Amino acid sequence: MEIDRSLFAEIIIPLALPKNYTWAIPEHYREVVQPGIRVEVMLGGRKKYAGIIKKIFAEKPEAFNPRDIINVLDQEPILHAEQLKFWEWMAGYYMCSEGEVMQAAVPANLKLSSESILIWNEERSINFSDLSDNEYIVAEALELKKELRISEVQNLLDVTHVYPVVKKLIEKEVCYVWEELKEKYTEKKQTYIELAPAYRNEDQLAELLNNWSKAPKQMELLLAFLHLLKTEGTVIQPELLKKAGASVAQLKGLIDKGILIAEKRSTDRIQLGDQNSNISFTLSPAQEKALAAVQQVFQTKQVCLLHGVTASGKTQVYTQLIQEQLDKGDQVLYMLPEIALTAQMIRRLQEYFGGQIAIYHSKFNANERVEIWNKVKTGEIKIVLGARSALFLPFKKLSLIIADEEHDNSYKQQDPAPRYHARDAAIYYGSLFQAKVLLGSATPSIESYYNCEQDKFGLVRLTERFGDAKLPRIELVDVKKYQQKVKIAFTEPLLEAIRLSLEQQKQVILFQNRRGYAPYQICNTCGWIPECQNCDVTLTYHKFKNKLTCHYCGTHYPVIHTCAACGSHDFTQKNFGTEQIEELLNEYFPDAKIARMDYDSVKGKNDHDALIKLFEQRRLDILVGTQMVVKGLDFEHVNLVGIIDADGILGFTDFRVNEKAFQLMEQVSGRAGRKDDLGRVLIQVSNALHPVLSFVQNHDYDALYRYEMINRKEFGYPPFTRIIQLIFKHKEKHIAEEAANIMMGGLSPHFPKDISGPAQPVIDRIRNQYLWELLIKLPKDMQRISQCKQMIMQQAAILHANKRYSAVRIIVNVDPL
DNA sequence: AGCACGCCGACT
DNA sequence: GTCGGCGTGCTC
């Protein structure tokens, strides 16, 4: 028998396949393949993908005949072994495929796209008599060039639909389709302008300038160049020409004279700039103590929670820790929730670390992301400041991960799989590198605090605000005292407080957690409330757009004037959104400069930064906003924060109400007051006895924690358990419900006490799909959890084998919080 | 994710 | 009679 020396590779391709597929490695690629290298593979009839080799083995699979790899795309792996391990863990833990993890992890440009190409069929006898005019044109071009892209065919023809023509040509065997995998990543080349070596010393340059006689325009240009060189370090052609208002010809004059040189080279889009500007700063004694305590914790524990009140200067502690890693030559990942990644924050860190820091989040363009990817891989980039997606960067020698604002829900990816929690995943990822993980928050999540109590994480507190600043005074205003029948937005005490602040030339932040103008409207005759057709959510009136909007799915509706239930035309608008609050403020304070910050008013990221800048520079007096005003912003001159409607915050339907309400109110109030002025926080509320309010008033996180622990124990929710949420989706309500309950039946013999059933309808219906939910609450027992996951997969397979339920989509969400 | 295969409504 | 809708299933 012939000895089979063939090799095979398990390859991850960016698809939601139930498992990884295997391809054969042809003889001539044997020497160059290794895990982490991308290869081009064929899947199905004509589709090609760039997949990543996970592992290489010699045993031929029995069940199928692997196809050959077509091509090897890299000379060296695009990631390290740690990342592949991390993907595997994530797929297992969050119950998704490794392909889905790859989708989330790898920048689009490292995944490849296929572009169809038409190839001239040499075998066909050249007889064009049976072709139409358009077909003839294309066929002729094909005969000449042998191949054409679809896009080129488009240019050739004067019709909008090229596909029918192409289809006919293929049928008539004039050509066939080939597909080319094309690397989308193109290096950006730019023309750099530099001084010619002869003029690089001061004397030579001075002499040149002093003896300048002709061409004043060129002189001007040269001076502009020197200025840019001094301020920016490097000079690129378009910037120089723009700044000097000069033409290419004038620049060419200087180059021809041998004074300047132009060089085209690929730029690094991320400006790594100069090293460490090292603005020195000193830690306060409290910060010093906290830093030492964190270091102490890291001696014995991998994870440390830094519980520091707002404006206690956690960032300075981080900075110090980051510096330590840099001194060791290691890398650091600093994660922030997307919303807190503001220009203000970035600027502050760049001041400390100069060009060594790279910013990374999903809104970056693809080329930039690839560059950062590569530089993190080689270790050239030491610090990455990024949102949750930065966790997937191919770090080489990571020694510290910071997850700031650890409690923030946006660390959890909800929609496309992998439904991962970046804070939790960071702890596993860190463990692969023996890296330490620092969680920071002024209002820690209950589960993290619980982990501290269980001695799993270390806990360090920072209870003093930086620079002697005091915590603001928090006052409750009982709205019931000030309003008659109709709900009002502003009580007299709040108006008075705003007036006072404006008189003192101070700034005011008003917080209202509802966008739009009026959150809902109600028919005065029968009480009918307009709702979204998809989501069963009340529609919010937006005055500016003059539309009703569903804040859940984003659908717009024309304004409704006629009641759908009784035909009455008499509607009342209830409650206040930020839009209306802003309008009311303009009436109350016509002279104040007022701005609104919410999802509708800040479209792009730049609008957001611009607004913050305006406020920072005190060009605005009052800022009205939703949650957006809360995150990671420090303003020097705010001495009043008003919470318009605390009832709205305390009345969420979520079981985490209290935790969320505390977080929101605590974070907003943190915006008030600085060293010279402790500031005021006014909370308008009708239920002034709500316990959370007293926790907020006393800034007493521990009291909230104890209160929540009792609540959670009653409901059997985390942190005592691991939760797996199963969502069943189907067009027909009862089929989704039945499927959910059958799953429950299948699971309950094995996990009798863990499942909360029967299935519950999920709050909303999205895109005509009905959603039913099952919750499984498991003790933190590794074996039991993996047993349960296996059982879920098994039951799902059984369910799908039944024709009736084969179209039920099952979404598995592990730790759905 | 594609894409082919396959089974029921409005048209040259 | 067909063209074409999108529901279901498979891809190493």
Side-chain angles (χ1 to χ4, degrees), chain A residues 4 6-26 29-30 33 35 37-73 87 91 96-117 132 150 161 163-168 170-171 176-182 184 415-419 728-732 735-736 739 767-770 793 796-811:
Chain A
D4 192 359
S6 50
L7 277 185
F8 303 91
E10 181 182 331
I11 291 165
I12 307 170
I13 49 176
L15 286 182
L17 297 170
K19 63 187 184 75
N20 294 328
Y21 283 1
T22 302
W23 275 264
I25 300 167
Y29 285 137
R30 219 159 275 180
V33 289
I37 278 196
R38 285 178 310 153
V39 290
E40 188 179 334
V41 292
M42 198 76 122
L43 181 68
R46 64 192 55 185
K47 224 64 228 164
K48 287 181 183 175
Y49 292 92
I52 293 179
I53 297 180
K54 188 183 170 186
K55 60 178 175 219
I56 296 168
F57 53 92
E59 309 81 63
K60 184 182 180 304
E62 279 175 26
F64 53 86
N65 233 345
R67 291 214 243 168
D68 277 358
I69 283 165
I70 332 176
N71 221 331
V72 175
L73 298 168
W87 292 10
C96 65
S97 72
E98 283 180 78
E100 285 169 311
V101 179
M102 179 178 170
Q103 287 275 38
V106 178
N109 284 0
L110 291 175
K111 298 173 236 166
L112 292 163
S113 69
S114 26
E115 193 179 297
S116 308
I117 288 194
S132 74
I150 301 273
H161 308 289
Y163 268 89
V165 180
V166 171
K167 207 177 140 195
K168 277 270 160 21
I170 294 164
E171 276 165 18
Y176 55 94
V177 176
W178 184 241
E179 279 178 326
E180 179 199 55
L181 276 175
K182 180 172 146 232
K184 270 202 231 148
D415 210 11
R419 299 178 172 78
F728 298 79
K729 278 197 198 180
H730 196 268
K731 279 195 301 193
E732 283 173 72
I735 292 192
R767 273 191 275 269
N768 286 326
Q769 299 260 314
Y770 280 88
M793 298 307 283
I798 294 172
L799 198 70
H800 282 148
N802 184 335
K803 259 252 172 320
R804 184 172 168 82
Y805 306 112
S806 62
V808 176
R809 284 251 180 294
I810 304 176
I811 293 173

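Keep in mind that this is a model prediction, so the values were computed, not measured. In what follows, chains are A, B, ... by sequence order, proteins preceding strands, each numbered from 1.
Looking at residues two or more places apart in sequence or on another chain, you find no salt bridge (Lys or Arg N to Asp or Glu O under 4.0 Å) involving Glu100(A). For Ile798(A), the side-chain contact (heavy atoms from CB on, under 4.5 Å) criterion is met by Gln795(A), not counting sequence neighbours. With sequence neighbours left out, the side chain to side chain donor-acceptor pair (under 3.5 Å) criterion links Ser132(A) to Glu135(A). Applying the side-chain contact (heavy atoms from CB on, under 4.5 Å) test to Ala105(A) and every residue at least two apart in sequence or in another chain returns Trp87(A), Phe392(A). Take Ala736(A) and apply the side-chain contact (heavy atoms from CB on, under 4.5 Å) test, not counting sequence neighbours, and it matches His730(A), Trp772(A). With sequence neighbours excluded, the residues forming a side chain to side chain donor-acceptor pair (under 3.5 Å) with Arg804(A) are Glu738(A), listed by chain and number. Pro107(A) pairs by the side-chain contact (heavy atoms from CB on, under 4.5 Å) definition with Leu110(A), Tyr360(A), Arg369(A), Val370(A), Trp373(A), not counting sequence neighbours.
Here the shortest heavy-atom pairing between Ile810(A) and Ala796(A) reads CD1-CB, 3.8 Å. Across all non-hydrogen atoms, the minimal contact from Arg30(A) to Val33(A) is O-CG2, 3.8 Å.
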Polar pairs (N or O, both sides) under 3.5 Å between protein and nucleotides 7-9 of chain C?
none

Enumerate all atom pairs, one protein N or O and one N or O from nucleotides 5-7 of chain B, separated by less than 3.5 Å.
none

For nucleotides 10-12 of chain C, which of its nitrogen or oxygen atoms have a protein nitrogen or oxygen under 3.5 Å away, and what is each distance?
{"residue": "dT11(C)", "atom": "O3'", "partner": "Gly44(A)", "partner atom": "N", "Å": "3.1"}
{"residue": "dC12(C)", "atom": "OP1", "partner": "Gly44(A)", "partner atom": "N", "Å": "3.4"}
{"residue": "dC12(C)", "atom": "OP2", "partner": "Arg67(A)", "partner atom": "NE", "Å": "2.8"}
{"residue": "dC12(C)", "atom": "OP2", "partner": "Arg67(A)", "partner atom": "NH2", "Å": "2.7"}
{"residue": "dC12(C)", "atom": "O3'", "partner": "Thr22(A)", "partner atom": "O", "Å": "2.9"}
{"residue": "dC12(C)", "atom": "O3'", "partner": "Trp23(A)", "partner atom": "NE1", "Å": "3.4"}
{"residue": "dC12(C)", "atom": "O3'", "partner": "Arg67(A)", "partner atom": "N", "Å": "2.8"}
{"residue": "dC12(C)", "atom": "O2", "partner": "Thr22(A)", "partner atom": "N", "Å": "2.9"}

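When the P atom of dA4(B) is taken as reference, atom NZ of Lys47(A) falls 10 Å away, rounded to whole Å.
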Name the atoms and distances for all side-chain donor-acceptor pairs under 3.5 Å in residues 64-72 of chain A, with sequence neighbours left out.
{"residue": "Asn65(A)", "atom": "OD1", "partner": "Lys60(A)", "partner atom": "NZ", "Å": "3.0"}
{"residue": "Arg67(A)", "atom": "NH2", "partner": "Gly44(A)", "partner atom": "O", "Å": "2.6"}
{"residue": "Asn71(A)", "atom": "OD1", "partner": "Tyr29(A)", "partner atom": "OH", "Å": "3.4"}
{"residue": "Asn71(A)", "atom": "ND2", "partner": "Glu40(A)", "partner atom": "OE1", "Å": "3.3"}

